[in-house]
Amino acid sequence: MKRLSIFVSGNGTNLQRIAEYFANKPNVEIVNVVCNNPKAYSIERAKNLGIPLRMITRQEFNSPEFTEEMASLKLDLIVLAGFLWKIPVNLIQAYPKKIVNIHPALLPKYGGKGFYGEHVHEAVVAAKETHSGITIHYVNEIYDNGEIILQAHVALDEKETPDSLAAKIHQLEQAYFPVAIEQVLFRR
Ligand code: GRF
């Protein structure tokens, strides 16, 4: 049995898709959802999905006790699915190549501080890029810099808007993220 924790800050469409994907797979369990945002719709989703929810404050998140708490869960993988806080170094070091993130652009372009949510798509459209996509990568100490696991591309139309691009990117995320997680889990 592989044990996952999913960290979220927002809407949780990726959380929903990942949970549904693994729901009928007996060899993967989502042990909990960790959420830092009391207003996140992810909270409703976790409740509806019947997954234990752990709300965290920034102080708790950055404390050594939180790393210990996670260690007690005997996790195989931590999945960042729209989680907006930087992961503390002690947690990263406790999970080498065991934390994955999804970024809504083709890293290393449009990554790093400030590039999250619609800001990414606004910048891609403003730069008149012909393509964008998603990057699924391991998390290391540098923001949006860890080893890339998978990238998937999508073409921009001439009349592309940040909103229409966001919709395309979400489709890619839904298609690729659960499969990439499964591959990472069973590769080792
Ligand atoms: C996704 O676009 C993901 O790439 C980014 O944050 C967004 C989360 O969306 N890291 P949701 O909360 O899963 O709906």
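Indexing begins at 1, ligand by ligand and atom by atom, following the structure's order. Quick caveat: nothing in here was measured; it's all calculated off a predicted structure. Numbers for residues simply follow the sequence, beginning at 1.
In this structure, Lys2 is positioned above the aromatic face of Phe186, its NZ or CZ under 6.0 Å from the six-membered ring centre and within 45° of the axis.
Proximity of the aromatic rings of Tyr116 and Phe83 is defined here by a centroid distance below 6.0 angstrom, and this criterion is not met.
For the atom pair CD1 (Ile92) and OG1 (Thr67), the distance works out to 10.0 Å, reported to the nearest 0.5 Å. Atom-to-atom distance recorded for Phe61:CZ and Lys86:NZ is 10.5 Å, nearest 0.5 angstrom.
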Exercise answer, ligand 1 polar atom pairs (N/O) under 3.5 angstrom:
from, atom 1, to, atom 2, distance (Å)
ligand 1, 2 (O), Glu173, OE1, 3.2
ligand 1, 2 (O), Glu173, OE2, 3.0
ligand 1, 4 (O), Glu173, OE2, 2.3
ligand 1, 10 (N), Ile102, O, 2.9
ligand 1, 12 (O), Asn11, N, 3.4
ligand 1, 12 (O), Gly12, N, 2.7
ligand 1, 13 (O), Thr13, N, 3.3
ligand 1, 13 (O), Thr13, OG1, 3.4
ligand 1, 13 (O), Asn14, N, 2.9
ligand 1, 13 (O), Asn14, ND2, 2.9
ligand 1, 14 (O), Gly12, N, 3.4
ligand 1, 14 (O), Thr13, N, 2.8
ligand 1, 14 (O), Thr13, OG1, 2.5

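Under the 3.5 Å distance criterion, with hydrogens and angles disregarded, no donor-acceptor pair is assigned to the side chains of Asn37 and Ser9.
Here the closest heavy-atom approach between residue Glu129 and residue Tyr110 is recorded as OE2-OH, 2.7 Å.
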